[in-house]
Amino acid sequence: MGFREDLITRPLIFDGAMGTALQKKALKIGALPERLCITDSKTIVDIHLSYLNAGSDIISTNTFGANALKLGDDVTHVISAAVACAKEARAIYLNQNPIQTNKYIALDVGPLGVLLSPMGTLSFDAAYDYYKEQAIAGENAGCDLILLETFTDLYEAKCAILACKEHTKLPVLCTMSFEATGRTFTGTDVETMVAVLEGLGTDAIGFNCSFGALEMLPLVRDAVKLTRCPIMVQPNAGLPKVINQITVYEKNLDVFKEMMNSYLELGVSILGGCCGTETEHIKIIKCAVEAHPYAGERRRAYVPVPRVASYSQTVNFGDRTIVIGERINPTGKKRLKEAILNRESDYILREAILQVEQGADILDINMGVPGIDEPSVMREIVTRIQSVLNVPLQIDASKVSSIEQGVRYYNGKPIINSVNGKRESLNQVLPIAKKYGACVIGLTLDESGIPSDAQGRFEIAQRIVNEAVKIGIPKENLFIDCLALTASAQQADVIETIKTIERVKRELQVATVLGVSNVSFGLPAREGINQSFLTLTLYAGLDAPIINPGHPHMMQAIAATEVLLNIDVNAKRYIETYGNMPKVENAVVTEEDPVTAFMYAIRNGLIDQAKQGIERLLLEKEPMEIVDKIIIPSLNQVGTEYENGKLFLPQLMQSAETVQAAFEILKTRLLEVGGAPINRGKVILATVYHDVHDIGKNIVKVVMENYGFQIFDLGKNVPPQVVVENCLKYDVKLIGLSALMTTTVVSMKETIHLLREKCANVTIVVGGAVLSEDIAHEIGADYFAKDASEMVKIATRFFES
Amino acid sequence: MAMNDVIKRYVSYEQILRYLHYNVNIKIGADLQEIIQEAIAETFSLVQFKSYFQCEPIIQTPMETWLMNCELGFKSQDLTSFLRGSSEMVLSGVTLGHTISKRIENRMLVKPSYGIILDACASVLADAYCDYIQDSWIENGTFSKYFLSQRYSPGYGDLSITENKVITKILNLEKNIGLYTTEHGQLIPEKSVIFVLGLSHTPFKAHLRTCGGACESCLLTHCTYRRG
């Protein structure tokens with residue numbers, strides 16, 4: 001019988017703390033405890049043996065920090081020695097106790113101590129390689145399983161799990177550390193942790209460290225209700241206290257004992273100890289397990305619920321209508337298509353943020369534009385959205401490689417949009433959903449197209465569900481899209497969509513999604529058709545319409561239908577949303593000269609007036625004339641007032657965002673009429689490598705865009721070679737580099753050096769708190785810009801010369 | 001009184017305006033004042049105050065300060081001079097968490113004028129939180145037998161910002177409060193502070209908060225607070 005069989009047969013007992021035992025032996029602060037496996041192996045063997053004698057079924061190797069970041073190229077050596085210590089202890093124990101149950105060795109793996117991008121600086125792939133090295137070394141040395149423990153970042157946990165599962169055959173357990181708030185430091189709650197880690201095929205998930213068994217209990221109570229996956233706990237001995245410069249843990253063995261019994265009654269499968277726990281704690285667990293000998297999950301009642309999650313928020317289907325925002329899809333949207341082609345990720349992020357503010361619960365992300373490296377763009381956008389939003393994402397692509405990139409690098413449990421009834425699609429997409437634990441939308445079409453009748457579409461839905469379940473995808477991860485056809489072309493088939501939704505809900509019992517607005521294509525006054533159709537589908541049982549949340553009539557239709565169907569009990573949400581709506585007043589038609597009014601709006605940061613103003617100006621002027629003769633002089637005036645101390649930063653930025661709003665209207669208009677885009681010159685902006693502060697660079701970007709410069713914003717912490725690659729790729733001759741810290745001026749110098757070497761005739765401007773004219777000169781830059789206005793002046797002179 | 005309410009008393013409106021390059025000649029309309037108040041309230045709603053400290057006995061040479069319990073120390077004449085007379089040193093890390101940083105990034109995309117105000121509020125709040133912690137040590141008698149110096153952070157004077165890494169390691173800040181230090185000493189979450197202060201049986205001479213006003217020796221030539 002192996003570990004996985006044991007896990008479903010009986011509760012298993014882990015060991016207690018290694019660090020506490022070593023601390024007792026006066027390990028110095030700063031020394032690496034993992035090296036003791038080589039330098040003092042007897043101590044390590046004795047600690048393992050003491051836990052086996054106390055009743056542990058699983059001992060964990062002394063390898064918590066045995067990664068290349070801490071050990072350099074000594075990882076395999078240290079891990080081999082650590083596993084050898086554990087094996088030696090096990091051999092001694094089995095020799096002394098021949099008739100025993102299995103004893104397992106877990107490779108202990110902790111976080112790397114560096115936060116992953118986008119929150120931190122370490123790339124997912126680099127972190128993956130560190131974990132891969134540890135996992136392979138552990139398996140080769142003879143571990144029976146891998147314990148990933150004390151994670152506070154869900155993304156890092158996902159990365160580590162993938163590395164272990166893709167490079168070993170070992171069972172993988174994963175525990176995270178929570179705060180008293182019920183969240184980890186990076187914001188993950190229990191429901192989200194469970195949704196994501198279970199989906200990745202982790203053999204057991206749970207909690208360790210942070211606090212004692214008593215404080216951990218509420219988290220465990222929540223977790224056991226949310227998953228069918230085995231749950232494990234490794235609490236500290238109690239709450240930590242620092243006495244005489246040493247962290248000690250409150251020790252209350254009676255409470256510990258009571259809690260272990262509670263955990264077993266809740267259905268916990270694996271129990272052990274973390275900081276401060278010793279052999280006496282393991283003996284207590286042993287006694288508790290003897291009183292509760294059956295495997296934990298058998299005692300648990302679990303009701304599966306369709307749920308998707310970001311890193312910090314889980315959306316459950318079924319309680320209310322879930323709105324999936326559809327706007328990040330370039331089909332039929334010239335401005336978005338242009339933004340994707342030009343790497344204007346800020347435009348895409350703004351669209352994402354606005355949709356959430358308008359009420360989207362989930363965002364559909366589609367980067368399908370010809371001529372781009374779609375998988376890498378998908379990855380980049382999915383990663384960037386995570387740095388500013390926490391709604392779950394729906395990865396929408398026809399290319400399988402784009403789907404996999406989006407799902408792999410997403411910090412959460414996404415939806416895949418989509419698979420369909422074609423054999424090729426089923427074979428390619430379902431394994432991705434299974435591997436990453438993603439939900440997946442099944443479209444009711446196959447090699448023969450979309451059946452016009454409900455029966456045909458239902459049969460395809462049934463086939464998709466059966467195929468998915470067959471490969472191990474749980475039913476709650478499947479959503480069916482019954483496909484809306486256009487009323488203008490296939491009027492008789494519209495009702496078939498509604499009938500299909502009813503049958504899928506009733507007979508297949510899976511959730512449904514639907515792209516609603518297709519139905520009105522080709523008809524006038526589309527809003528009315530869309531709204532009525534949406535209401536009918538919701539009545540039929542639609543869980544999640546894919547719509548534009550910026551259309552108030554659609555959002556109101558959802559809210560109203562939920563009232564009428566008694567989902568929104570007492571119309572609470574409806575009244576909250578619509579109870580105090582301000583009366584829409586007619587726009588004031590001003591007789592004022594439109595140029596004066598527009599300039600006044602820019603100076604005073606009046607966005608709505610500026611939007612109205614630009615529409616009026618466009619009736620009589622060309623877009624470039626508006627830019628050159630009105631916007632730029634206005635901005636210059638604002639810039640001068642700022643420099644002279646008559647305005648301060650928020651006022652400067654209010655003007656900037658007013659122009660930003662007007663510019664969007666201009667850009668859209670130019671695209672509509674096929675005019676040349678506004679482009680006064682291409683500029684790369686980047687915060688240099690190792691520097692993570694970019695608010696100054698972002699202010700410069702906003703102001704420069706308002707002057708009509710095309711900005712390639714490479715973000716923060718940008719390696720020199722990435723600046724060079726983009727410079728060559730987009731043929732940019734003016735580069736702006738930012739650094740806030742003295743330590744990163746070195747990176748700036750390296751970037752300048754590489755740019756001089758690889759890119760001919762580039763002009764480099766530097767800025768940031770620690771820079772000056774002298775330093776700029778010293779590190780080889782052409783100019784120093786003290787602020788955004790200065791940068792605009794330099795760029796204007798550069799492109800005019 | 002709840003901790004948030006106490007910390008609010010340490011938040012300086014003037015400091016926020018200073019971060020935003022305000023001067024007395026600028027008129028701030030009621031709308032903008034309301035927005036700043038809204039930003040202060042939002043900042044409080046998004047921060048997760050976390051702090052951790054440890055007290056270590058030190059020995060000093062003319063140029064260096066060493067922690068007696070481990071093989072780590074700081075090669076900084078300025079810090080050594082700042083701590084002169086101390087027998088122990090408190091090392092501390094504080095953070096406001098990730099949520100506020102994400103919100104600032106979010107607002108910088110759709111409403112940068114608000115984003116920069118939120119950023120200023122968060123920076124001031126991080127300082128206010130440090131002030132609150134220092135005062136609570138005094139009020140609670142945490143180091144009752146000692147006089148406490150003001151705080152000093154890596155990046156001041158000749159104490160390299162990369163020393164943040166050393167302090168993070170000693171305090172195990174990643175695990176204890178979720179505070180990380182990058183390879184070059186920058187802190188993540190961004191709105192975080194690492195500082196040290198000295199404990200002495202005799203009073204300290206320096207009374208000023210933050211960098212002690214030693215602007216002429218500071219490398220931050222464009223610091224908002226630089227004098228002269």
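Protein chains get the first letters and strands the later ones, always in sequence-line order, with residue 1 at the start of each.
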So for [X], is it side chain, backbone, both, or neither that comes closer than 4.5 Å to the heavy atoms of chain A?
X       : result
K50(B)  : side chain
I104(B) : side chain
L67(B)  : neither
Y22(B)  : both
L109(B) : both
E105(B) : both
I117(B) : side chain
N176(B) : backbone

Relative to each other, are the rings of [X] and [Y] parallel, tilted or perpendicular (30° and 60° limits)?
X       : Y       : answer
F82(B)  : Y152(B) : tilted
W137(B) : F195(B) : tilted
H184(B) : H690(A) : parallel

Is chain B contacted by the side chain of [X], its backbone, both, or neither, given a heavy-atom distance below 4.5 Å?
X       : result
D691(A) : both
T150(A) : side chain
I353(A) : side chain
E357(A) : side chain
E351(A) : neither
Y347(A) : neither

Would you check if the distance from the ring center of W66(B) to the ring center of F74(B) is below 6.0 Å?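 Ring centres of F74(B) and W66(B) not closer than 6.0 Å.
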
So which of [options] has the biggest tally of heavy-atom pairs under 4.5 Å with chain B?
options                            : value
K646(A), Q654(A), H693(A)          : H693(A)
R183(A), E179(A), E657(A)          : E657(A)
G187(A), G120(A), G113(A), A661(A) : G113(A)
L649(A), L349(A), T152(A)          : L649(A)
V702(A), L389(A), I695(A), N698(A) : I695(A)

Minimum heavy-atom separation for S101(B) and K191(B), please, with both atom names. OG-N, 4.3 Å

For chain A, which of P189(B), P112(B), S160(B) has the most heavy-atom pairs under 4.5 Å?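 Among P189(B), P112(B), S160(B), the one with the most close pairs to chain A is P112(B).
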
Residue selection (most heavy-atom pairs with chain A, distance under 4.5 Å) from N23(B), N25(B), N172(B), I116(B):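 The option with the most such pairs is I116(B).
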
Any chance the side chains of [X] and [Y] put a donor and an acceptor closer than 3.5 Å?
X       : Y       : value
Q77(B)  : D158(B) : no
D694(A) : T687(A) : no
N717(A) : T121(A) : no

Passes ring-ring contact (aromatic ring centres under 6.0 Å, His included), F185(A) versus H98(B)? Steps please. CA-CA 8 Å; F185(A) 288 135; H98(B) 291 281; 8.7 Å; no

Evaluation steps, side-chain contact (heavy atoms from CB on, under 4.5 Å), between T744(A) and L740(A): CA-CA 7 Å; T744(A) 52; L740(A) 191 76; 5.8 Å; no

Might you confirm whether atom NZ of K70(A) has over 12 heavy atoms from other residues, nucleotides or ligands at distances under 6.0 Å? yes

Go through the steps for C121(B) and I40(B) under the test side-chain contact (heavy atoms from CB on, under 4.5 Å), then give the verdict. CA-CA 6 Å; C121(B) 291; I40(B) 294 171; 3.7 Å; yes

Does a side-chain N-to-carboxylate-O contact under 4.0 Å join D713(A) and K697(A)?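 Result for this pair is yes, salt bridge flagged.
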
